[in-house]
Engineer: 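Here it is, the structure in full.
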Amino acid sequence: MKKTVTVVGGGAVGLTVAWTLARRGSTVTVVDPRPGSGASWVAGGMIAPYSEAWPGEEELYRLGVESLGLWEGFARDLQPYADGPLVTSRGTVHLAVDEGDAADLQTVADAVGDPAVFAPLRPSAAARAVPGAAPRIRAAATAPDEISVDNRLLHRALRAACAAEGVAFRAEEVGGAAALDGLPGDAVIVCAGADSAALAPGLGVRPVKGEVVRLRRGPTCLPPPTVTVRARVRGRQVYVVPRADGVVVGATQYENDRDLGVRIGPVVELLDDAFAVLPFLREYEFVEVAAGLRPTTAGNVPVIAPLGGRVFAATGHGRNGLLLAPVTGARAADMVLKQEVQAWS
Ligand code: GLY
């Protein structure tokens with residue numbers, strides 16, 4: 001059964017949807033003026049449903065755990081198209097600096113409720129897992145099954161994998177909801193990240209800005225951690241995600257700021273927090289600071305749903321686009337192909 005599909009948006013989610021549909025026999029075109037220039041470009045790359053767990057976010061948690069279960073196969077199938085290892089580290093170590101931070105860590109542990117996947121760690125064990133970490137840590141935890149990936153390498157691999165399956169790319173803007181009607185295909189899927197707000201205003205996707213810093217290890221520096229380090233530092237959060245040659249430090253978070261200018265004060269605070277737990281990062285070379293817009297929904301759960309007629313949505317992934325890409329690809333492809341079965345029966 002063949003279907004012709006237009007995917008609007010060429011970020012990690014859009015390309016995963018396109019690739020999944022193409023592998024299932026559909027003829028797919030991705031429309032995006034600058035594929036991969038949105039949130040996928042800035043992402044830290046944490047595939048981390050346990051670390052993101054929080055009371056009230058059970059649906060997001062379940063979806064994230066399901067997607068983590070798909071990630072090994074997803075990464076294995078994509079690796080031949082990648083120009084380096086996609087998975088850059090395994091395991092997350094959490095560090096909590098004060099009593100309040102330790103209480104927050106306990107809240108995450110309680111939300112997960114399974115010490116096999118998120119467990120307390122003695123500070124001495126955390127110090128062994130993260131050489132060079134600051135000694136004054138109130139509490140620690142580990143999520144050994146989480147991974148991290150290089151977001152930019154992942155996007156390049158997805159483009160190559162899509163091309164190998166015959167996915168076509170059109171470098172064009174789609175100018176608002178009305179323009180969706182003019183796109184060809186049996187189905188049109190909106191995977192446009194923060195731009196989904198204009199294409200499908202009824203979804204309630206809003207941009208939540210974040211800044212992320214990239215640092216490179218200098219010749220005399222300690223190596224990057226071999227695990228992702230997530231720290232709570234006197235009420236603020238910071239993550240340090242390993243890359244082959246350095247780390248990604250993230251992320252600020254702002255509502256109601258839609259431009260991509262970098263605000264220096266919050267970025268300095270972010271780096272201060274990273275240095276508080278990993279002092280050796282002070283010696284790293286500064287590479288870049290970039291801002292992006294997380295496409296966020298009211299409940300933090302993505303919208304993978306028909307929008308009426310031949311238009312569908314797979315968007316609104318907030319902080320978790322890379323984590324949720326495989327499950328979104330599978331569900332979006334099922335949704336579009338199932339619609340075909342229904343229409344033909
Ligand atoms: N993916 C983590 C963040 O949005 O900062």
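The shown structure was predicted, so the numbers you read here are calculated from the model rather than taken from an experiment. FYI, side chains are in, hydrogens and waters are out, and symmetry mates aren't considered; it's all heavy atoms of this structure. Start at 1 and go down the list; that is how both ligands and their atoms are numbered.
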Engineer: Sorted by first residue and then second, give each salt bridge (charged side-chain N to carboxylate O under 4.0 Å, His left out) pair with at least one member in residues 64-86; sequence neighbours left out.
Structural biologist: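 Those involving residues 64-86 are R23-D77, E66-R331, E72-R90, D83-R156.
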Engineer: Kindly write out the residues that satisfy ring-ring contact (aromatic ring centres under 6.0 Å, His included) with Y239, not counting sequence neighbours, or none if the list is empty.
Structural biologist: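 None.
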Engineer: At less than 4.0 angstrom from any atom of ligand 1, which residues have a non-hydrogen atom? List them by chain and residue number.
Structural biologist: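 For ligand 1, the contacting residues are M46, Y239, A251, R294, R319.
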Engineer: With a 4.0 Å cut-off, would you call E288 and R216 a salt bridge?
Structural biologist: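 Between R216 and E288 there is no salt bridge, as every charged N stays at least 4.0 Å from the carboxylate O atoms.
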Engineer: Between R234 and D273, does any side-chain N to carboxylate O distance fall below 4.0 Å?
Structural biologist: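 Judged by the 4.0 Å cut-off on N to carboxylate O distance, R234 and D273 do not form a salt bridge.
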Engineer: Is D245 paired with R214 through a side-chain N to carboxylate O contact shorter than 4.0 Å?
Structural biologist: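 Salt bridge absent between R214 and D245.
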Engineer: Enumerate the residue pairs fulfilling salt bridge (charged side-chain N to carboxylate O under 4.0 Å, His left out) with a member in residues 295-320, sequence neighbours excluded, ordered by first and then second residue.
Structural biologist: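 Salt bridge (charged side-chain N to carboxylate O under 4.0 Å, His left out) check on residues 295-320 returns E52-R319.
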